[in-house]
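Contents: one structure, followed by commentary.
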Amino acid sequence: MVDALQEEVRVRFAPSPTGYLHVGGLRTALFNYLFARREGGKFILRIEDTDQKRFIPGALENLISSLKNMGLHYDEGPDVGGPCGPYIQSERVDIYQRHIQELLASKTAYYCFCSEERLEDLRETQRKMKRPPMYDGKCRDLTEAEVREKLDAGAPCVIRLRFPKEGRTVFDDVIRRKVAVDNSVVDDQVLIKSDGFPTYHLANVIDDHLMGISHVIRGEEWLSSVPKHIYLYKAFGWDVPTFVHLPLLLNSDRSKLSKRQGDVAVESYMEKGYLPEAMINFIALLGWHSADDRELYTLQELEQVFSLDRINKAGAIFDLDKLNWMNGWYIRNFDVEVIAERTRPFFEQEGFDISDWQKYIKVIGVARDYVSSLEEMAPRGRMFYEELQFSEDDRTLMAEENSQKIYAYWIDALKGRSAWTREALQARIEEAMKTMGLKGKKFYFPLRLALFGNTHGPDIPTIIDILGRDESVERLQRFLIDG
RNA sequence: GGUCCCAUCGUCUAGCGGUCAGGACGCUGGCCUCUCACGCCGGAAACCGGGGUUCGAUUCCCCGUGGGACUACCA
């Protein structure tokens, strides 16, 4: 390890590439990122792909693009490089092999030749006897000669950690404070699998040390394996990093957040039109809260105010309702041009002709009051781009005498002038209501229906302003019965 | 089953011995308004239970209870 790295805050997000970035992973990545930024340290991306069976093509690219979309830029990582590479564990196998020799030599680790079947049977009987399922240590005390013989015979084997049976491991966690575990309940964890790849525990410890990680910020599911990790650090003669175990993100039934109970892929939230800014803001509030009552933050603002000591201990349910509100808030409060640009793909997908940018901006301005995601924008803009659909009841209303009078009046009025201000339009509406002796819904509903396709919606000046004079006249004329 | 962790409105949370237990989402009443939406104002809604410690516990300690994680040659 480079000496200069020693004083610096260095944290990492270390996902295994299982296909996509999970929202729980995003939260872990975000907290790591924020801590690094706040402390002026480094944020590193490391890929933990030591499980060959779970290789998924494209998963790495996916992960990287999701992190980029979210604005979580890392200082070191597989695609950006850095002084501690490679940052993909499958490319570091020789490093693990070298280090395991050291453990073998010091008797901290030992070869185990037990078959998977034996292990399964063992666990089965242990469970039946209501004993905790653990390795029984069959190969723990094999003599060197016995090991040599089996190895020479080419017997398949793994390498296990020789964890002490006595004593107690006590450690500090920034969030949980003191945690204590009896060594007798810690298993002789497999460190090197029969395919020569390391397990999480070995690779993680070695890499965290070699990469100069100062704070291990990760999910609470790792809390119970910390004793193994500490034992490894000490066996290697390394300093133990500071541990920060984040509370879990939960399904609405309080189990660990998983798919099948809604979307967990960050990617799919993007596809539905959730803004990265809203996702980040929302996720940040799951387990973290500022000292005041403020809840709306940009990523840059979070970088300034984030601190580990304001992280909660209890798990948090991922509440879609609040995300929807927050996303809607961002959609309504961002610059309309920005929202228009981001909504574009959704409109294009619908085949709407948005070449008239001025009109499009106006449509967005109206539509965004109604939605909680960009995906919902298209249904709210449709009436300005497509032919209106009417029900039988609609047609009945539009054929009524009053409706017809209104249409005739407006066709006339609109044709008379080429440009209207909203104020002039509103004044004309007041005037029309007076001369026709109609008011309120009696006047507005038929008019809005013919122009907008619904009796409920934006006010008339807004609709006419978006449609323009010609389209407005055309829409009215379509329902004028005798010309 | 064992070990570890956790526990304030339905949800996210503030609280760090004395508060009318605060905010946000959601729900709800009203205002704005032709309507819808937005927005604004108000309301209902919580300290898991039992013991301690203390003049006084949501807050500190213990025991229950409940929930979760881990218990793989997955991470």
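Predicted, not measured: the structure shown is a model, and the values here were computed from it. A note on names: the letters A, B, ... follow the listed sequences, proteins ahead of strands, and every chain is numbered from 1.
Using a 4.0 Å cut-off, some side-chain N or O of A:Arg160 falls inside it from OP1 or OP2 of B:C73. Using a 4.0 Å cut-off, some side-chain N or O of A:Thr50 falls inside it from OP1 or OP2 of B:A75. A:Arg127 has no side-chain polar atom (N or O) that falls below the 4.0 Å cut-off from OP1 or OP2 of B:A72. In this model, the phosphate group of B:G2 is not approached by any side-chain N or O of A:Lys130 to a distance below 4.0 Å at OP1 or OP2. When the side-chain nitrogen and oxygen atoms of A:Arg177 are compared with OP1 and OP2 of B:C5, none of them lie within a distance under 4.0 Å. A:Lys256 has a side-chain polar atom (N or O) that falls below the 4.0 Å cut-off from OP1 or OP2 of B:C70.
When the nucleotides B:C5, B:G67, B:A7 are ranked by their closest atom to the side chain of A:Ala314, B:A7 comes out on top. Of the candidates B:G39, B:G23, B:C73, the closest approach to any side-chain atom of A:Arg332 belongs to B:G39. For A:Arg176, counting side-chain heavy atoms from C-beta on, the closest listed nucleotide (B:C36, B:U13, B:C6) is B:C6. For A:Asp321, the listed nucleotide lying nearest its side chain is B:C25; candidates were B:C25, B:U35, B:C74.
Annotation: ring pair (Phe, Tyr, Trp, His ring centres under 6.0 Å) contacts of A:Tyr110 (sequence neighbours excluded): none.
Between A:His456 and A:Phe445, a ring centre-to-centre spacing shorter than 6.0 Å is recorded. Taking the six-membered ring for Trp and the full ring otherwise, the centers of A:Phe31 and A:Phe306 sit less than 6.0 Å from each other. Aromatic pair A:Tyr74/A:Phe13: centroids not less than 6.0 angstrom apart. Checked against a 6.0 Å centroid threshold, the rings of A:Phe282 and A:Phe318 count as neighbours.
The base of B:C36 is not paired with the side chain of A:Arg448 by any donor and acceptor separated by under 3.5 Å. Taking only distance into account, the side chain of A:Ser194 meets the base of B:C73 through a donor-acceptor pair shorter than 3.5 Å. For A:Glu295 and B:G23, a side-chain-to-base donor-acceptor distance below 3.5 Å is present, hydrogens and geometry of angles not being considered. For A:Tyr370 and B:C38, a side-chain-to-base donor-acceptor distance below 3.5 Å is absent, hydrogens and geometry of angles not being considered.
In this structure, A:Lys313 places its NZ atom 16 Å from C1' of B:A69, rounding to the nearest Å. A:His289 has its NE2 atom 7 Å from the C1' atom of B:A24, to the nearest Å. Atom CH2 of A:Trp222 is separated from atom C1' of B:U71 by 13 Å (rounded to the nearest Å). Atoms CG (A:Asn324) and C1' (B:U11) sit 13 Å apart, rounded to a whole Å.
Across all strands shown, A:Asp459 has heavy atoms under 4.0 Å from base atoms, whether or not it also approaches the sugar-phosphate. Counting non-hydrogen atoms under 4.0 angstrom, A:Arg123 reaches the backbone sugars and phosphates but no base.
Taking a 6.0 Å sphere around CZ of A:Arg177, one finds it holds 12 or fewer heavy atoms contributed by other residues, nucleotides or ligands.
As rounded to the nearest Å, B:G68 and B:C62 have P atoms that lie 24 Å from one another.
The aromatic ring of A:Trp325 does not sit over the base of B:C25; the criterion of centres under 5.5 Å apart with planes under 30° is not met.
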